[in-house]
There are 4 protein chains.
Amino acid sequence: MVKGAVRLFIEKGFHRTTTREIAKESGFSIGTLYEYIRSKEDILYLVCDAIYEEVRDRLAYHLDTNNEGIDRLKKAVAAYFQVIHDMQDEVLVMYQEAKSLPKEALSYVLQKEVEMTEMIEKVIRDCAKEGVINVDDDARVKLVAHNILVQGHMWTFRRWQIQKHFSLEEYTTLQVEQLLQGVDHRPI
Amino acid sequence: MVKGAVRLFIEKGFHRTTTREIAKESGFSIGTLYEYIRSKEDILYLVCDAIYEEVRDRLAYHLDTNNEGIDRLKKAVAAYFQVIHDMQDEVLVMYQEAKSLPKEALSYVLQKEVEMTEMIEKVIRDCAKEGVINVDDDARVKLVAHNILVQGHMWTFRRWQIQKHFSLEEYTTLQVEQLLQGVDHRPI
Amino acid sequence: MVKGAVRLFIEKGFHRTTTREIAKESGFSIGTLYEYIRSKEDILYLVCDAIYEEVRDRLAYHLDTNNEGIDRLKKAVAAYFQVIHDMQDEVLVMYQEAKSLPKEALSYVLQKEVEMTEMIEKVIRDCAKEGVINVDDDARVKLVAHNILVQGHMWTFRRWQIQKHFSLEEYTTLQVEQLLQGVDHRPI
Amino acid sequence: MVKGAVRLFIEKGFHRTTTREIAKESGFSIGTLYEYIRSKEDILYLVCDAIYEEVRDRLAYHLDTNNEGIDRLKKAVAAYFQVIHDMQDEVLVMYQEAKSLPKEALSYVLQKEVEMTEMIEKVIRDCAKEGVINVDDDARVKLVAHNILVQGHMWTFRRWQIQKHFSLEEYTTLQVEQLLQGVDHRPI
DNA sequence: AATGAATGAGAGTTCATTCAT
DNA sequence: AATGAATGAACTCTCATTCAT
């Protein structure tokens, strides 16, 4: 059911998709659909949840491989970007439709985003512990983690611009460079 | 009318806002509303257009002040973040609802985003010309411009997280540092 | 104003034409339009009235020419068919839209149709008086008059069929023959 | 549903009848109504189609009875007039509202009218074959068929005049006489 | 467990009409 | 006399949801 709904939400957005269409696409009747859900919003919740679950699982899988030194961070970013790239449409749907979730469900889904941030934060902290990078405070760790996450999302929601100019490899390389070295500038 | 619509879109989103509510909020009747627009989507277009216009004008105003050296970039980023901060709700609405625009209107609005990117690119190039930063290629300029823009947006669309941890000043300072120096790391 | 309204009614029918369009087509503002009428139906009334007036005047003009004998009838039918032919669109509009008139106005307009019938009846009676035809009773006169009138109207409202098969001349000749001789048949 | 719609269209015409009224008159909700149709025009189409179907079926039923000689034609006309008489309101609705059909549906409905004409033409030709009448050419057959059809319709759309003066029997008798013998006149 | 016909509140939109200017 | 901005009732149509089967 979720698969069908995602397909439709990608195509026409949540509001423009009818429950009838979702039932049909999922291969059962509207009556049966309502055996599994209580309202249309439930579907959106299930969809968002499923997408997060998949992104997180895939990312966790990639982070598992034991890298060392600065590579740990580089590979993590690359892996994350790759996951986002593979699930572009799904990520985009979530980005655009999550706001339509009822309050409680939204909190729940945002919690998943927090978890994602923590996964990235952990990579950064692990690098710091190893001594390959030097991040003096928690705030900076958080900020860098958020930046990485959002730079992943950007790849989808600004694709009409960014993917015109960069391949995923170029984008990854440049963003990692930027992340580590910043803009080359005269000392102030 | 646009003001009223923005208020409502902020509160409940485009789809959940009725034309009648917009008319009422704007202080005229539904009939009069339809003297000015041809369809509900027209309102969304007017709203998005107005928001972009205001963001761009305010930013242009701030970029006018003649700064020199690396300050040119720093102040530009700060000014941009400030504008976004002042117009948080509006920017968020545009981010979340622009996708509901009819194709043609969407293209038109995205063109405005391209213009914004070019404004930021210009600041970067001006710094490079002055010699205070060293950006070797166009791709990097573009990427940095996009990053700055999106870091502005994230201040609104991740505010439930970010504004919990940072004040606007902290956020600005940290992001500028990050932008210029990257993460402090052992040379590879 | 009537001219403009007729044009529009021909094109799209009474209900599908808006008062705004009528005002525009007539070259004045909606406000001014309502100086002359009290409701949209008034326009329909004026239109129907004007059309009848014109049909009647034209017909009267043709009937004036002094014909004698059976020619009196033949020429009258021919003249009437010609008038209908010249005013096809107008006649059709009246046929199709008169039903939308308010009751009283409808009666008034139907009275004009009665007058038309009487004009034709008079021609028949004049022929009878002259002795060129022999119509024994009033009922038959009435019936023949109605038949002639409707055969005129048919030329417009069945034109998609009839005008494919006949020119106006053919149609007139055949109908007159039919009228006078009926179908050639074995005596019963 | 069609029955209900016909009743309402008879009473107030197509444009003045609302979909809600039709639904109510038909005994179901507006939602259910729209399960069966896609637009209000669909109802008009169904109505026109149903009326034609019924007129044709009834007529076909009456034409079946094997008559011979001139009676074949006489009885056919009488049967046709009787059918029209029995379905006066319905026929009138179709006459007045068919023009509001979308183009394609209109063509389809007019095709039915062509079929009706052909049914009458066939009766005439059968009589001619039998030798009881003598119609020299196709054009005349067509014309007579059209005349008969329209004289049927007249019975409804001029009833405010004709039914004041004639009973159906008188009307039928007189029209048949007229049809066969024409107006009694001195040879020219 | 599964269906899908039925519901009706509510959406966007139109347009005859008014009336202050 | 002439205007046209403003009105809002009324229209057609949609769709999330229910419930008898």
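Letters A, B, ... mirror the listed sequences (proteins, then strands); counts begin at 1. Please read these numbers as outputs of a predicted model, since none were measured by experiment.
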Review point. Are B:His15 and A:Arg16 close enough that a side-chain donor and a side-chain acceptor fall under 3.5 Å?
Key: yes

Check your understanding: For D:Glu104, does the CD atom sit with more than 12 other heavy atoms under 6.0 Å from it, leaving out its own atoms?
Key -> no

Practice item. Give the nucleotide from the list E:dT13, F:dT12, F:dG4 with an atom nearest to the side chain of D:Tyr34. Key: F:dT12

Review point. Please give, in whole Å, the distance from F:dT12 P to D:Ile37 CD1?
Key: 10 Å

Revision key, fill the gap. Across every strand shown, the nucleotide meeting Watson-Crick or G-U wobble geometry with F:dA6 (both distances under 3.5 Å) is E:dT17

Practice item. May I ask you to verify if any side-chain N or O of B:Ser29 is less than 4.0 angstrom from the OP1 or OP2 atom of F:dA6? Key: no

Review point. Atom CZ of B:Phe14 to atom C1' of E:dG12: distance rounded to whole Å?
Key: 11 Å

Check your understanding: Could you give the NE2-to-C1' distance, from D:His15 to F:dC11, as a whole number of Å?
Key -> 12 Å

Check your understanding: Between D:Glu97 and D:Leu44, is any pair of side-chain heavy atoms under 4.5 Å apart?
Key -> yes

Practice item. Assign B:Thr18 to base, sugar-phosphate, or nothing according to its heavy-atom contacts below 4.0 angstrom with the strands shown. Key: sugar-phosphate

Exercise for review: Could you check how far NZ of D:Lys24 sits from P of E:dT7, rounded to whole Å?
Suggested key: 13 Å

Study note, to complete from the structure: Per nearest nucleotide of DNA chain E, the residue lying toward the 5' end, D:Tyr36 or C:Arg16, is D:Tyr36

Check your understanding: Should the heavy atoms of other residues, nucleotides or ligands under 6.0 Å from NZ of A:Lys112 be counted, would the total exceed 12?
Key -> yes

Practice item. Tell me which of D:Gly31 and B:Thr17 sits closer to the 5' end of DNA chain E, going by the nucleotide each one is nearest to. Key: D:Gly31

Practice item. Measure from CG on C:Leu33 to C1' on F:dT3 and round the result to the nearest Å. Key: 12 Å

Check your understanding: How close or far is atom C1' of E:dT18 from atom CZ of C:Arg38, stated in whole angstroms?
Key -> 15 Å

Check your understanding: With a 4.5 Å limit on heavy-atom distance, are the side chains of C:Tyr95 and C:Thr156 in contact?
Key -> no

Point to revise | N or O in side chain of B:Thr32 less than 4.0 angstrom from F:dA6 OP1/OP2 | key: no

Exercise for review: Starting from P on E:dT17, measure out to CD on C:Glu41 and report it in whole angstrom.
Suggested key: 8 Å

Review point. Atom CD1 of A:Ile30 to atom P of F:dT21: distance rounded to whole Å?
Key: 20 Å

Check your understanding: How do A:Ser39 and D:Arg20 order along DNA chain F: which one's closest nucleotide is nearer the 5' end?
Key -> D:Arg20

